[in-house]
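Just below is one structure, and these are the notes that go with it.
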Amino acid sequence: MFLRRIEMQGFKSFADPIIINFEHGITGVVGPNGCGKSNITDAVRWVLGEQSVKSMRGSSMSDIIFSGTTQRKRVNTASVTLVFDNTAKLLDHEADEIEVTRRIHRENGEGEYYINKQPVRLKDIQNLTLDSGIGKDSLSIISQGTISNFADAKPIERRSLFEEQAGVSKYKKRKIEALGKLSRTADNIERMMDIVTEIERQVVPLKKASDKAKIYHEKQSRLEAIETSVLVSEIDTLNSELEELKRVVFDTQTKIASYEANLNLNDLQTSESREQINELDRKIQASQERMMSVVNEIQTLEGRKTELDEKSKYILEVGNLEEKREQLLSLTQQAKSEYDDRVQRLNALKSEVDLLNQQSISNNREIADANQKREELLSLLNQLNNRKNTQQQLIDRPFITIKGVSTILDNKNSLEGIKDVVAKLLVPTDGYELAISNALGGSSNYIVTRDEEAAKQAIAFLKRNASGRATFIPLNTIKPRYLSQDILTICENTEGFLGLGSDFVENEPIYDTLSDSLLGNVIVADTIDHAQQLARLTNYRAQIVTLEGDIFYRGGTIAGGKFKENNSLLGAKKELEKLELLISEANASLDEITTKGRQLLAQKSDYDEQLMENRIGLAQIEPIVDVKRAKFEKLKGDLELLSPQDNNQELSYKDDLIDGLNKAYFERDSIINSLKIQRESRVSLTHKQQAQQSESQQLRRSISTLQTKLSEYQIRLAKTETKLENNLDRLSSEYQMTYEFAMRGERVENIEEAKKEVVTLRSQIQRLGSVNMSAPEEYEELSERYEFLNKQLKDLEQSKENLLELIDEMDEIMKVQFKEMFDKINHEFDTTFKELFGGGHGKLVLEDENDLLNTGVDIDVQPPGKTIQNIRLFSGGEKSLIAISVLFAILRARRVPLCIFDEVEAALDQGNVERFARYISKFSDTTQFIVITHRPGTMAQCDTLYGVTMAQKGISSLLKVRLSQAVEISESERS
């Protein structure tokens, strides 16, 4: 058996699963009208690929799904499976048994196709049965309507039946496909020609642009090589000049500092010499005063001695002593009064001189203290300025020791998406610089970029220039990190907790995620003890930093300590502000002490002027005092001469007086020697002071000259640095090179010639005008496309030739096979016609034998006793019998594995029915028949009958009967 069974469920009236097994050559299907017999034929045709809704006797394909009855709900899926025996390989498949299934769903109306339970396309099922004789359009599946249609069909419409049996359907289908391909190929060739033509118009100007771009590239490359070499040479020269200028500036600054130090020392020594001179002046003054006193004393003693001598003489000469005595007493009292007044005035001046001397000494001490304080402040300012320069350098060039970071920042303007380093984007709050700096650690030197692409470009730049490594933080990838709520709760309730690291930095809103990522999970504590307590309470699960920069890491590691100077960029600005404040304070103190020094010097000048005035006053009043004293003592002596005295006492007094004179003369000589030494020392000190003052003046002139030169050097240095920076910027911006990378290139020997070549090349490049730099790539791409399309065009033309050859070959095959099969069927048709009609003759006629590919097929028959030749004039029964004759002729000419007849004999009379049934039996050994019939004559020739009934209204069911067994049972009952 070819068709072994049919499995159905939900198809039309077959609501329940039904399996129809075929075991014998002829199987009949019987039943009353409307029971669903023809649904079996529809199921076979549907599985084999029928797409016509009209052929399925419905308005839509979903109508084939069981729609339900008054007592039975509808189903949502219809499924039919045909199981074929393919051991003879009649179907185009390697399996011996083939299950072909088609399924449809009511919900979406979509169909499913399976071969041996594997999903396939409708085309695969159609190809499976192609040229097998059981296609949905072949005469192997025919009904009464099909018979009538065949008899009444036009000759050209009948042709398809013969093509199916001739096995040319597959070739015809392939030809149609080939013609479709040919049409598409022709369309493709036309489109390809249009494209190729358009590309040909583009290729020529693009080639010119490409050549121009190549020339530009060559000249630009040469220009780049030469100009970078020139720039490197200029940079080398500028670096050398810069180093030399820096050395000269440093040497000049060193000389100035040395001269200033010498000047300060010289001024101090001059001040000391001045003090020594002043001290000698005071000593000389004192000696001179003592000298005057001694001279006066000598004069007094000499006068007294003279008076004693005169007294002795006078006593011998004077007569009235009493009158003389009273007169002398009055004069003596008057002289004493005058003398006391002058002495009082002298003592007042001396007291004032002593006070001024003390004030001058104190003033000198203050001047010395002020000078010392000034030197200390100058030294402090020097230290502070050095520290300031260090911090400023740290701010200006913070990453000079980190080559990768400094390279990226130096070339920031020529790279896209570079923001800055973390240390410059996150600014610590006042007082938290050390904590934030240590918490960030090495990440403070990480470079923040716009996204990953910017980071990749920066890394490529470092690699290309071999400029070290750097770490990048793309803003589009970082995620914030926070403390867990339980740790945060512990911290908030613990003494010493100040907040999180992210709370103590200021930044732009765009960098909030950066702050939270780096510091959002860092705890800030006030002291190390409180930090230790927090670490224990959090079980060492979080990083903690103190205000002094001590860190408790996760897991229990502790870091701490201190550097002599700040070395962190985050603290550099704060340190710089602090140093600037200290420098400002020191400058203010220096200005204050300088002002005070000037005031002290002015005060000293006042003291010296007052001392001079008072000393002049002393010099003026002392002789007057001496005169008044001499007058008083003379009158006193005269008065004493008039008084009676003991002669022995007078002699004793005279001896004492002579002894005093001797001492006074000795003291006078000593003072004279001392004054001589002091004056010599003063002359020496004066010469020394003058030399020091001369040297100070020379130092000041030298310092002024050096400062003028220093200013010139610094201007040259700034200009050189600007030139150097411009050249470095050109290397970076125009050629994306660092100086170190450019040094590895070719070096020119003659710089002047190279500069001339640069000018020439720039002129040549300018004359080229606008250049499309992508032209070479575009030309190469267009060229490749042009060649590819040309190749494709040739392939298409070759494909067209191949398709035409294939179509010609298939046409030839179809002609041969069609003619051979037609002749066989025509030969058998006359025989089958005579057998079925009991005589007469019939033949098949080609309308145009010269056009075997398109000719129609006509039927020329003459039943016995009739002369009718036009088939349309026969009765319905005769037409059916003629069509059946053609079918049997086909069966005789070519084996058909399966035929399904659906009431094809309905129009035949009883005799013809029996003749038809007997004729079927002749082919049952080679062809499997499934006959749906009402006619007893046909039923009698069936081996097995299936009865289709509707025990339940609207639902078909099957009953199977084997006629051989039924006959045996009937005969046994009769006997």
Side-chain angles (χ1 to χ4, degrees), residues 24-33 37-38 41 138-153 158 161 165 825-844 857-893 896 898-946 963:
H24 297 281
I26 303 176
T27 301
V29 180
V30 299
N33 290 333
K37 302 186 301 296
S38 295
T41 305
S138 68
L139 272 179
S140 61
I141 305 175
I142 57 178
S143 62
Q144 184 179 0
T146 307
I147 289 293
S148 300
N149 292 337
F150 177 78
D152 294 332
R158 296 193 191 103
L161 173 65
Q165 302 309 316
I825 295 172
N826 195 16
H827 175 74
E828 298 293 341
F829 175 62
D830 185 61
T831 303
T832 56
F833 182 82
K834 289 177 180 178
E835 290 177 350
L836 288 176
F837 276 88
H841 62 84
K843 66 177 179 179
L844 302 173
V857 179
D858 206 351
I859 301 176
D860 185 6
V861 294
Q862 188 173 1
K866 292 187 177 182
T867 60
I868 302 174
Q869 293 183 348
N870 191 342
I871 192 173
R872 293 180 178 83
L873 300 178
F874 288 104
S875 66
E878 288 174 325
K879 290 179 182 179
S880 297
L881 198 60
I882 291 170
I884 291 170
S885 298
V886 174
L887 173 62
F888 286 147
I890 290 173
L891 292 176
R892 292 170 69 96
V896 177
L898 173 66
C899 282
I900 300 176
F901 295 158
D902 187 355
E903 299 184 20
V904 296
E905 82 282 30
L908 302 180
D909 56 22
Q910 184 62 34
N912 285 329
V913 168
E914 292 176 355
R915 190 179 294 113
F916 164 75
R918 287 194 299 272
Y919 216 90
I920 289 176
S921 298
K922 293 181 181 180
F923 295 98
S924 62
D925 292 337
T926 59
T927 301
Q928 179 183 0
F929 290 96
I930 300 174
V931 183
I932 299 171
T933 184
H934 286 286
R935 308 300 293 272
T938 304
M939 295 180 194
Q941 297 298 324
C942 295
D943 299 311
T944 302
L945 286 177
Y946 277 97
L963 287 183

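Reckoned from all heavy atoms, side chains included, excluding hydrogens, waters and symmetry mates. Given the structure is predicted, the values throughout are model-derived calculations rather than measurements.
- Summarising the geometry, atom OG1 belonging to Thr933 is positioned 9.5 Å from atom CG belonging to Asp902; distances are rounded to the nearest 0.5 Å.
- When every heavy atom of Arg935 is checked against every heavy atom of Glu905, the shortest pair comes out as NH1-O, 3.2 Å.
- By the 30° and 60° cut-offs, the orientation of the rings of Phe916 relative to Phe901 is tilted.
- In terms of modelled atom types and a separation under 3.5 Å, the side chain of Lys843 and the main chain of Asn826 share no donor-acceptor contact.
- Within the 4.5 Å cutoff, the side chain of Ile859 has heavy atoms near those of the Leu844 side chain.
- The structure places CG of Leu881 at 11.5 Å from CG of Leu887, a figure rounded to the nearest 0.5 Å.
- Atom NZ of Lys922 has more than 12 heavy atoms from other residues, nucleotides or ligands within 6.0 Å.
- Checked against side-chain hydrogen bond (donor to acceptor under 3.5 Å, both in side chains), Arg915 has the following partners two or more places apart in sequence or in another chain: Asn912.
- Rounding to the nearest 0.5 Å places CD1 of Ile884 at 8.0 Å from CD1 of Ile920.
- Qualifying side-chain hydrogen bond (donor to acceptor under 3.5 Å, both in side chains) partners for Ser880, counting only residues two or more places apart in sequence or in other chains: none.
- The shortest side-chain heavy-atom distance between Phe833 and Val886 does not fall under the 4.5 Å cut-off.
- For Asp925, the side-chain hydrogen bond (donor to acceptor under 3.5 Å, both in side chains) criterion is met by no residue, not counting sequence neighbours.
- Arg918 places none of its side-chain heavy atoms less than 4.5 Å from the side chain of Glu835.
- Checked against salt bridge (Lys or Arg N to Asp or Glu O under 4.0 Å), Lys834 has the following partners two or more places apart in sequence or in another chain: Asp830.
- Taking the side-chain hydrogen bond (donor to acceptor under 3.5 Å, both in side chains) definition, one finds that Ser921 meets it with Gln941, sequence neighbours left out.
- Checking Leu945, Thr938, Thr944, Asp943 one by one against Ile26, the side-chain contact (heavy atoms from CB on, under 4.5 Å) holds for a single residue, Asp943.
- At least one donor-acceptor pair closer than 3.5 Å links the side chain of Thr832 to the backbone N or O of Phe829.
- Note: Phe929 CZ to Leu898 CG = 9.0 Å, rounded to the nearest 0.5 Å.
- Under the salt bridge (Lys or Arg N to Asp or Glu O under 4.0 Å) criterion, Arg892 pairs with Glu828, not counting sequence neighbours.
- Residues Ile825 and Ala889 come closest through the heavy atom pair O-CB, 3.7 Å.
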* To do: Check the pair Phe837, Ile882 against side chain to side chain contact (heavy atoms under 4.5 Å, CB included), reporting the backbone distance first and the verdict last.
  => CA-CA 9 Å; Phe837 276 88; Ile882 291 170; 3.6 Å; yes
